[in-house]
Amino acid sequence: MENFDAQAKKLAEEKRIKTIVADVEADFQRRREARRSLESGWLLNMRFLAGDQYCDVGPNGGIVAEDKRFYWQTRRVYNRIAPIVDARMSKLTNLQPALQVKAFSDEEGDVQSAKLASAVLKYAQDAVDFPRVASRVTLWAETCGSAFYKVAWNEKGGRQVSVDENGAPVYEGEVSISALPAFEIFPDRLDAESMEDVASIMHAQMVSPSYVLDAFGVSVQPQKQEGGLGVYTLPAADGGNGVKNATEGVLLIERYTKPSALYPEGRLEIVAGGELLYEGDLPYFCGERNERAFPFVKQDCLRLPGSFFGQSVINRLIPLQRAYNAVRNRKHEFLNRLAIGIVTAEDGSVDVDELCEEGLAPGKVLVYRQGAQAPQILDVGGMPAEFAAEEEWLEKEFTYISGVSDLSRSSTVTNVTSASGLQLLLSQDNARMAATMDSIEHSAQSVGRHILRLYRQFAGNARLMTLAGEGKKTQLYYFNASELPTADIRFVGEVAATPTEKRETLLHLFEAGLLTDEQGKVPKEHRNRILDAFGFGDVDSARDISALHAQKATDENVLFIQKELAVDEYDDHEIHINEHTRYLLSNVFDDGKYTEAKERAVKHLRVHKEALNKEKQGAYSAGQAAENALEKVNQ
């Protein structure tokens, strides 16, 4: 009886798993068919960007070639889209915002929490090479209209901390950030305008069977996928139609479901090769209130109302590119007629085959029938002015629609010579690209929030990080993950200016006297930061050590919780007094938890003040002695 029950449970479980796999695969096919037309548009954008521009979307949704109307037609490609995308990428990459957390107030606790969060973000960005990932996401967004970050936790990342019972290494874990094209993301609603509006989302990608075996311990058989997901139909090397590459791989489908009444903790199901690899709750607490949420962040090129996926600027440029290619080719055909000419000959007057093969070459002896009219070149007139006018109008339209002027493309601007005019052009470029910049800034900040929430969830109570801090001093951060702020995070917005513009702003502030004190001198702490902003932070001879003294005092503030600290002879007592006083005035001691630490800090501060008084008295005594000696000399 027990064996029968066990067998029945096994069969029921197998049936349940098959039902889940079939449901996930059917759901994926429905979502893929629903957005088939969007994929065709993305592929067409990729073709035009790569230079294969004599193609279009066919009736069945595939990319088909456009045939010549006449065999003699010229069909060269004069790609204006590629340099426009290059210019936009250059500008958007330079304006990539820095993820730096801003303190809510001047309280020491808020300042230290913001400093810790900024350090964690900097460490994570360096670990995953975030600028490179962000550049890939921006390129995909510029090409297809939308792209995505996937922010996950890699259990095999970071340093090795121990070994398990089988002798396998155990790592501390690290954040993993990857760039996903729109081809791999399938929402349940195409009319949802943001990630928060969808109830379920799929991530589907082509992987190798060995990847599935290593990641999930399940062996699956490879399948052939042609031309669709994960295999992009790119132009052929000769500029032709392109080919549909067949790839042997496994379609890995991850279906994420938002928390609901049926699944209070959300749902994650992973299917590949007809096998259920994983099912369970959503793994990450990356929501706004630290609830379980999707690990994806969306970035758009141009937002569209009532659409989940954005629109690429290439969509707007394709009609202009077609017209531009047509104008340039017809213009060159007309020039060929002017240069080579169209020969008219009376029937039977010459050897037509010889004339067609050799033409009217210079120095050619042309023999024609006696009494007949000699062959001559047909007068086709001069180049019509409409060609030049149309070409000039199309070039202006490229600038108007793309938001990229000649100045942004580093071309020579001949009609603008004043500095104010050049600055106006730059301002206009920034205004035209403001929507894209806003999406980049919002997505980068969302990635930062995901990073902090993942560290809070997985980093544990004893995480060690090493960073190059202010003054190029190595800083060790030994923190508890629960100390990271994740609820209400504010970022310092730095997307509005390039590094060059920031340096110019600093010069204007200095000229206005806003960076100097009453005596007209730049304070020590400002001097170091200005050197860093101008790229001279590594010039040791030009730096001041005040930043090192301030950092030493800040580190001592943390150590007061554990022990008493002696005052070193080489300390800058004024800087230490300021930092320790700021620490004592903070809200760290409001709940009375660190009474002993406060007493140690007060005692330490008193020693600094006594040492500073002795230095001042010594300096005063030395000054008096010098004055007395000078009076004796004068007498």
Side-chain angles (χ1 to χ4, degrees), residues 101-120 122-123 461-485 517 521-529 532 540 543-623:
V101 178
K102 182 179 180 180
F104 275 94
S105 66
D106 293 336
E107 292 290 342
E108 185 67 17
D110 292 340
V111 172
Q112 293 302 323
S113 295
K115 185 180 293 187
L116 175 61
S118 298
V120 170
K122 186 177 185 305
Y123 174 82
N461 57 6
R463 183 66 182 241
L464 178 66
M465 293 190 311
T466 305
L467 289 174
E470 189 174 6
K472 305 301 179 181
K473 177 185 177 182
T474 301
Q475 295 181 353
L476 295 178
Y477 287 87
Y478 191 75
F479 66 95
N480 190 328
S482 60
E483 300 174 357
L484 285 173
D517 55 16
K521 296 182 179 180
V522 179
K524 296 179 180 179
E525 59 271 17
H526 289 176
R527 191 182 311 158
N528 295 329
R529 292 185 175 90
D532 284 333
D540 295 334
R543 295 187 60 87
D544 191 87
I545 64 173
S546 60
L548 301 180
H549 283 294
Q551 184 60 47
K552 182 176 183 293
T554 303
D555 295 340
E556 290 176 349
N557 291 337
V558 179
L559 295 175
F560 285 141
I561 299 176
Q562 303 174 1
K563 59 182 178 179
E564 291 186 358
L565 299 174
V567 175
D568 294 320
E569 183 179 357
Y570 51 81
D571 286 343
D572 190 320
H573 300 296
E574 289 187 357
I575 295 177
H576 278 252
I577 289 172
N578 292 334
E579 294 297 327
H580 295 325
T581 303
R582 184 181 291 110
Y583 174 66
L584 290 169
L585 293 175
S586 67
N587 59 358
V588 177
F589 307 104
D590 290 348
D591 55 1
K593 183 178 179 180
Y594 299 112
T595 305
E596 295 182 358
K598 183 175 182 179
E599 293 176 354
R600 297 189 188 108
V602 171
K603 182 179 178 180
H604 186 85
L605 178 63
R606 188 181 301 117
V607 177
H608 273 298
K609 290 182 177 180
E610 293 174 354
L612 181 61
N613 290 332
K614 289 181 180 179
E615 287 184 357
K616 290 182 178 180
Q617 291 176 0
Y620 177 77
S621 300

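Throughout, residue positions are numbered sequentially from 1 according to the sequence presented.
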Enter the distance from Lys603:NZ to Leu605:CG here, rounded to the nearest 0.5 Å. 13.0 Å
Side chain to side chain donor-acceptor pair (under 3.5 Å) involving His549 - partner list, sequence neighbours excluded: none
Let's go through Leu565 and Arg600 carefully: what are the C-alpha distance in whole Å and the side-chain angles of both, what is the deciding distance for side chain to side chain contact (heavy atoms under 4.5 Å, CB included) to 0.1 Å, and is it a yes or a no? CA-CA 8 Å; Leu565 299 174; Arg600 297 189 188 108; over 6 Å; no
What's the spacing between Asp568 CG and His608 NE2 if we round to 0.5 Å? 8.0 Å
Mind checking what makes side chain to side chain contact (heavy atoms under 4.5 Å, CB included) contact with Ala611, not counting sequence neighbours? His573
Looking at CD of Glu596 and NZ of Lys563, how far apart are the two atoms once the value is rounded to the nearest 0.5 Å? 15.5 Å
Lys552 NZ to Ile575 CD1 distance, which is reported to the nearest 0.5 Å: 11.5 Å
In Glu599, His604, Arg606, the residue satisfying side-chain contact (heavy atoms from CB on, under 4.5 Å) with Val602 is Arg606
Closest non-hydrogen contact found for Ala553 with His580 is O-CE1, 3.5 Å
What are the two closest heavy atoms between Val101 and Ala117, and how far apart are they? CG2-CB, 3.6 Å
